[in-house]
There are 2 protein chains.
Amino acid sequence: MRWRSVGNTDCSVARTLSVIGERWTMLILRECFLGRRRFDEFQRNTGIARNILATRLRALVDDGILQRAPAEADRARVEYRLTKMGIDLYPVMIAMMQWGDAWLCDENGPPLSVMHRTCGAHATPRMTCPSCGAQVGARDMLAIPRHREPAPRRAASRRASR
Amino acid sequence: MRWRSVGNTDCSVARTLSVIGERWTMLILRECFLGRRRFDEFQRNTGIARNILATRLRALVDDGILQRAPAEADRARVEYRLTKMGIDLYPVMIAMMQWGDAWLCDENGPPLSVMHRTCGAHATPRMTCPSCGAQVGARDMLAIPRHREPAPRRAASRRASR
DNA sequence: CGGTATCCCATTTGATACTG
DNA sequence: CAGTATCAAATGGGATACCG
């Protein structure tokens, strides 16, 4: 199977990867979550080549994750801002950060910590069950495939590849 | 900057990506979380080329995410099983799944749902503040960089690149 | 500042065939 | 079953220069 077609498979992980799975994409989004909005900030802070950055930004805008607009402060400048769809990627980001903090840190410890503004707690969010509130891990959850939809007469149409 | 060196930057997201950021890696791990353990299962269910799969599996074992061992049932067979380090990637996986469910589904809805074994709830986990229990999003959290460690006399040693 | 245009090299990929 | 071996093709870097 070609990588191009994984975005069309019936799996949300695969589809997500087809959008944010490219090499530098999550690092650009890291910058966005840290409040950066401009081309040159992205370039300097990530170290990505300018042409690649341009390509990625275009893709992120096309996919609805970033919005490109002139800055209010200085209309001559351009800003990239997270859309709702982009902001919703925060759990992915923070989960990656936590895993790196837990397993890949050097002796200096985590490079970044987070604080919950509304309660003041200095602690990283966790995955919890919305019903009982317990923290959950892989072993606590059971995956249940969607039951087969009524088979159509012919092959179902598929989204075009990105 | 070369991609190879992002694993050495002082950012847990970047380091995590240097380990699980390669194209097919998370899809292999998806299979692991679904209980698959064998080379051919991985190959069939992901559609990855066999040689690439072999390379990825070797990297995952080297990185401590999977463990390779003969199957207990049939010692002639080989099994790949998640280590603790691998199991800890569940939040990353589930966060990706949820985002795909929310933003990339077709009319059939999410391909997979999950159930919390211990309380029976059919609901996907969320990111919550461990202190106050509220669900958190990007806007609720403030990022705080680690204060600079006492500068060493010479450049600090860095992990070797993968 | 926010990009394009070019050019070239390195890496990844994927198909296929083969093996113990 | 669980891989290797090979090899061609595609893609993705990355450096550099240029532009409005």
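In what follows, chains are A, B, ... by sequence order, proteins preceding strands, each numbered from 1.
- B:Thr83 contributes no side-chain N or O that, together with a main-chain N or O of B:Gln67, makes up a donor-acceptor pair within less than 3.5 Å.
- A:Asp63 places no side-chain N or O within 3.5 Å of a backbone atom of A:Ile65 that could act as its donor or acceptor partner.
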Output side-chain donor-acceptor pairs under 3.5 Å for residues 123-136 of chain B, partner residues at least two apart or in another chain, one line each.
residue  : atom : partner  : partner atom : Å
B:Arg126 : NH1  : B:Gln135 : OE1          : 3.1
B:Thr128 : OG1  : A:Thr128 : OG1          : 2.9

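- Whole-Å rounding puts the B:Ile28 CD1 to C:dT13 C1' distance at 14 Å.
- In this structure, A:Trp3 places its CH2 atom 9 Å from P of C:dG14, rounding to the nearest Å.
- The CD atom of B:Glu79 lies 9.0 Å from the CD atom of B:Glu41; values are rounded to the nearest 0.5 Å.
- As a whole-Å value, the separation of B:Arg36 CZ from D:dA2 P is 15 Å.
- No donor-acceptor pair closer than 3.5 Å links the side chain of B:Thr46 to the backbone N or O of B:Ile28.
- Residue B:Leu29 is grouped with residue B:Leu34 when hydrophobic side chains (ILVMFWY) are merged at heavy-atom distances under 4.5 angstrom, including chains of intermediate members.
- Between B:Leu27 atom CG and C:dT13 atom C1' the separation is 15 Å, expressed in whole Å.
- Look at CD on B:Glu22: it is 11 Å from P on D:dG13, rounded to the nearest Å.
- Among all heavy-atom pairs drawn from B:Thr9 and B:Ala14, the shortest one is OG1-CB, 3.3 Å.
- The side chain of A:Trp24 places no N or O atom within less than 4.0 Å of a non-bridging phosphate oxygen (OP1 or OP2) of D:dG12.
- Within a heavy-atom distance below 4.0 Å of DNA chain D, no residue of residues 64-82 of chain A is found.
- Among the nucleotides D:dG13, C:dT13, D:dT4, the one closest to the side chain of A:Ile52 is D:dG13.
- Within residues 38-51 of chain A, the residues approached by DNA chain C to less than 4.0 Å at the level of any non-hydrogen atom are A:Arg38, A:Phe39, A:Asp40, A:Arg50, A:Asn51, in residue-number order.
- For A:Arg37 and C:dG3, the CZ to P distance is 15 Å, given to the nearest whole Å.
- The distance between atom CZ of A:Arg56 and atom C1' of C:dG3, rounded to the nearest whole Å, is 16 Å.
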* To do: Applying side chain to side chain contact (heavy atoms under 4.5 Å, CB included), run through B:Phe42 and B:Leu57 and close with a yes or a no.
  => CA-CA 10 Å; B:Phe42 297 148; B:Leu57 286 173; 3.9 Å; yes
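- Inspection of the B:Ser12 and A:Asp101 side chains reveals an N or O donor paired with an N or O acceptor under 3.5 Å.
- Distance A:Leu53 CG to C:dG3 P: 8 Å, rounded to the nearest Å.
- Checking A:Arg2 against A:Arg58, the closest nucleotide of DNA chain C that is more toward the 5' end is the one next to A:Arg58.
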